[in-house]
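Okay, so here's the structure we're looking at.
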Amino acid sequence: MEYLGQTATASYTHLGRRPESGSYLPAIGQQDFRTGSAPPYSGLLSKSVNLPWRPSTYYRSTQVQHPSYSLYKGSASDSAGPLHAGNYLSSVDSVKVPLIFPAARNSLYTRYTPKDWYQSQMNNYLASDKIRSAAERLRSDTLRLAREKEDLAKKNQNESDKKLGERINDIDFWKQELDREKDKMSKKINQVDMKRREVEKQLHDTENQLKVAQENLYEREKRQGIDMVHDNVERELIREVDIIKNAQSKLRNMMERLHTQNSLNRSALHEMELDAADKFRALSLDSAAQNMSVSSRGLNFHLGIENVDNTVSSPDTWAKFTEDNIRRSASERASSDEFMNMADNVLKETANDMWNQFNTVNEAFEQRVNETNQAKDKIQNHLSAVIQEIFDLEKSIEFIKKTILDKEAYLRLAQSRLETRTRRPGIELARDQPMHRLIQEIDDLHSMINDLKNKLSLEENAIQHLLRTKATLEHDLSVKNNSLHIDKERCLGNRRTYPSIQSVGHPATQPMPYQSQVVVY
């Protein structure tokens, strides 16, 4: 609370006792200019600045020993006078000043000596010099610090540019390695796919071969009679079917393995493409960061960005990640080469097996056809002989029948003679030599006719046997003709070409083995 008409700095408004001091003003040298954020001189003249019409309150007032003592008269016992430094108004608080005298009391306490005035000026000059010197030193230190910080900032920027350049070189190196490996992997995928198509085509061709072999077996089931034999041709055909089915199993397995390997190749290629895309993005961002300068447009403050750590890898793990992708790709390419070599071997092996068995079956067919032709020729020869013999027997039968007729004519003659002589009269019926001869002749003729009839019967039986033999030979000949038609026309006619040889190539031409150069980092 303030008294009406008084200032807040009036001495009588403060109830406490002032501390004694050896000087009127505080020593500037004792002030700590290093503490605080304000300048060292900011509080020294604050009250004088705030109250320019009043002296500084750091100056103390004089003490009046007696109220009636004159301010201009000295005491004998006090040589220093009332303005001596030892005369402090220690009993100011006990003095009760009436409220009606505030102006007089105020003027009493605001009087200073010339020495105080001079000392105050000197203190202000000394404080000004010290503060100015401190300000000059501060300004020099500030300029030096600014230059040092500028150099340090440029050095840090150069170091950052250098590190960014090294990082860009590393990214570009690994990106080029990824691009080269991607090209190799793309070519390898195409090669594996082409090899898989070759295996698939070979597998498709084996279907035609299997169909031909099975049709040959089905056609040979149409043989007749005795030609339904389990001969060498049938055994080789069954073996050919087994070889073709085994080759199909190998080709399907190899095609599946190539398909699986190509899936792994595409997976490795996809990983490298993702890695290359990330490196392209990182290369673009790092290049943009390196090309930035303090005069670039679009620069903004990002408070606390240095405290944000969203990294997921270290330089070692970063390089190892790309190296692992390249190593995986190189390993998959080596596996692809191995599988393609295996595919070539399987193609060659299955083609040779099927080709050799194809030739074996054809040779068996040729041998069987030759055997059938020989049997047919023999049957035809025997049939011709039988037919000729039948013809001769028919002539012989005709001759025997004619002979029997001739002998019957002789018999009729002899019997007629004998019967005529039986009509002789009386004693003329003698058993004479003519009668004996005629009887003998008749007996001989009967014997001859019986013999001829027996021969006729035998020849007739023989001709029946020949006719049955002829029928048998004719049937056998038709069977042989049917077998020849099946083996030669129906079977060998379908085995004139071998389609899988076109896809595999001549057995003499062997493909070069696939090799991959694995780069070890």
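Side chains included, hydrogens not; waters and symmetry mates left out as well; all remaining heavy atoms used. Numbering starts at 1 and runs along the sequence shown. Since this is a predicted model, take the numbers as computed values, not measurements.
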Point to revise | Salt-bridge criterion met for Lys470 and Glu389 (N-O under 4.0 Å) | key: no

Practice item. May I ask you to decide if His259's main-chain N or O and Ser263's side chain share a donor-acceptor pair within less than 3.5 Å? Key: yes

Check your understanding: Is Asn253 reaching over with its side chain to a backbone N or O of Ser249, donor-acceptor style, under 3.5 angstrom?
Key -> no

Practice item. With sequence neighbours excluded, tell me which residues meet side-chain hydrogen bond (donor to acceptor under 3.5 Å, both in side chains) with Asp392. Key: Gln388

Practice item. For the pair Asn265 and Ser336, evaluate side-chain hydrogen bond (donor to acceptor under 3.5 Å, both in side chains) and give the outcome as yes or no after the intermediate values. Key: CA-CA 8 Å; Asn265 292 341; Ser336 299; 2.7 Å; yes

**Study point:** Worked check of side chain to side chain contact (heavy atoms under 4.5 Å, CB included) between Thr350 and Asp353
**Key:** CA-CA 5 Å; Thr350 55; Asp353 292 342; 5.6 Å; no

Review point. Do other residues, nucleotides or ligands put more than 12 heavy atoms under 6.0 Å from the CZ atom of Arg468?
Key: yes

Practice item. Kindly say whether Asp443 contributes a backbone atom to a donor-acceptor pair with the side chain of Ser447 at under 3.5 angstrom? Key: no

Point to revise | For Thr360, side-chain hydrogen bond (donor to acceptor under 3.5 Å, both in side chains) partners two or more places apart | key: none

Check your understanding: Between Ser296 and Ser293, does a side-chain hydrogen bond (donor to acceptor under 3.5 Å, both in side chains) hold up when you go through it step by step?
Key -> CA-CA 5 Å; Ser296 300; Ser293 63; 3.2 Å; yes

Point to revise | Closest approach of Ser329 to Ala268 (non-hydrogen atoms, all atoms of both residues) | key: CA-CB, 4.3 Å

**Study point:** Asp344/Lys195 salt bridge by N-O under 4.0 Å criterion
**Key:** yes

Review point. Does the distance from a Lys or Arg side-chain N to an Asp or Glu carboxylate O, for Glu198 and Lys201, drop under 4.0 Å?
Key: no

Review point. Is there a donor-acceptor pair closer than 3.5 Å between any side-chain N or O of Asn325 and the backbone N or O of Leu178?
Key: no

Practice item. Could you tell me whether a side-chain N or O of Asn246 sits under 3.5 Å from a main-chain N or O of Asp242, the two making a donor and an acceptor? Key: no

Check your understanding: Run the side-chain hydrogen bond (donor to acceptor under 3.5 Å, both in side chains) check on Thr322 and Lys279 step by step: do they pass?
Key -> CA-CA 10 Å; Thr322 304; Lys279 281 182 171 45; 2.6 Å; yes

Review point. Could you go step by step and tell me if Thr311 and Asp309 meet the side-chain hydrogen bond (donor to acceptor under 3.5 Å, both in side chains) rule?
Key: CA-CA 6 Å; Thr311 58; Asp309 187 7; 2.7 Å; yes

Point to revise | Whether Ser128 side chain and Asn124 backbone form a donor-acceptor pair below 3.5 Å | key: no

Check your understanding: Does Glu323 pair with Arg327 as a salt bridge, N-O distance under 4.0 Å?
Key -> yes

**Study point:** Backbone of Leu138 reached by a side-chain donor or acceptor of Thr142 within 3.5 Å
**Key:** yes

Practice item. Answer yes or no: does atom NE2 of His446 have more than 12 heavy-atom neighbours from other residues, nucleotides or ligands under 6.0 Å? Key: yes

Point to revise | salt bridge (Lys or Arg N to Asp or Glu O under 4.0 Å) between Glu398 and Lys395, intermediate numbers included | key: CA-CA 5 Å; Glu398 293 295 331; Lys395 286 185 177 181; over 6 Å; no

Practice item. Kindly compute the distance separating CG (Asp205) from CE (Met354), expressed to the nearest 0.5 Å. Key: 8.0 Å

Practice item. Please report the closest heavy-atom contact between Arg490 and Asn216, naming both atoms and the distance. Key: O-OD1, 4.3 Å

**Study point:** Between Gln248 and Glu207: side-chain donor-acceptor atoms closer than 3.5 Å
**Key:** yes

Review point. Crowded around His270 NE2? As in, over 12 foreign heavy atoms under 6.0 Å?
Key: no

Check your understanding: Would you call Arg180 and Asp183 a salt bridge, using N to O less than 4.0 angstrom?
Key -> no

Check your understanding: If you draw a 6.0 Å radius around NZ in Lys455, do more than 12 non-hydrogen atoms from other residues or ligands fall strictly inside?
Key -> no

Review point. Do the charged groups of Lys250 and Glu349 touch, with an N to O distance under 4.0 Å?
Key: yes

Check your understanding: Does CG belonging to Leu458 count more than 12 external heavy atoms closer than 6.0 Å?
Key -> yes

Review point. Does a side-chain N-to-carboxylate-O contact under 4.0 Å join Glu200 and Arg196?
Key: yes

Point to revise | From CA spacing to verdict: side chain to side chain contact (heavy atoms under 4.5 Å, CB included), Asp487, Leu492 | key: CA-CA 6 Å; Asp487 291 343; Leu492 283 177; 5.9 Å; no

Check your understanding: Any side-chain donor paired with an acceptor under 3.5 Å for Asp172 and Gln176?
Key -> yes

Check your understanding: Any Lys/Arg nitrogen of Asp151 or Arg147 sitting under 4.0 Å from an Asp/Glu carboxylate oxygen of the other?
Key -> no

Practice item. Might you confirm whether atom CZ of Arg239 has over 12 heavy atoms from other residues, nucleotides or ligands at distances under 6.0 Å? Key: no

**Study point:** Within 6.0 angstrom of Met194 CE, more than 12 heavy atoms from elsewhere
**Key:** no

**Study point:** Note: Glu159-Lys162 ion pair, threshold 4.0 Å (strictly below)
**Key:** no

Check your understanding: Can you tell me if Asn291 uses its side chain to pair, donor with acceptor, with the backbone of Ser287 under 3.5 Å?
Key -> yes

Point to revise | Any donor-acceptor N or O pair under 3.5 Å, side chains Glu366, Asn362 | key: no

**Study point:** Intermediate values then yes/no, side chain to side chain contact (heavy atoms under 4.5 Å, CB included), Leu456 and Leu452
**Key:** CA-CA 6 Å; Leu456 178 61; Leu452 290 174; over 6 Å; no

Review point. Are the side chain of Gln261 and the backbone N or O of Glu332 linked by a donor-acceptor pair below 3.5 Å?
Key: yes

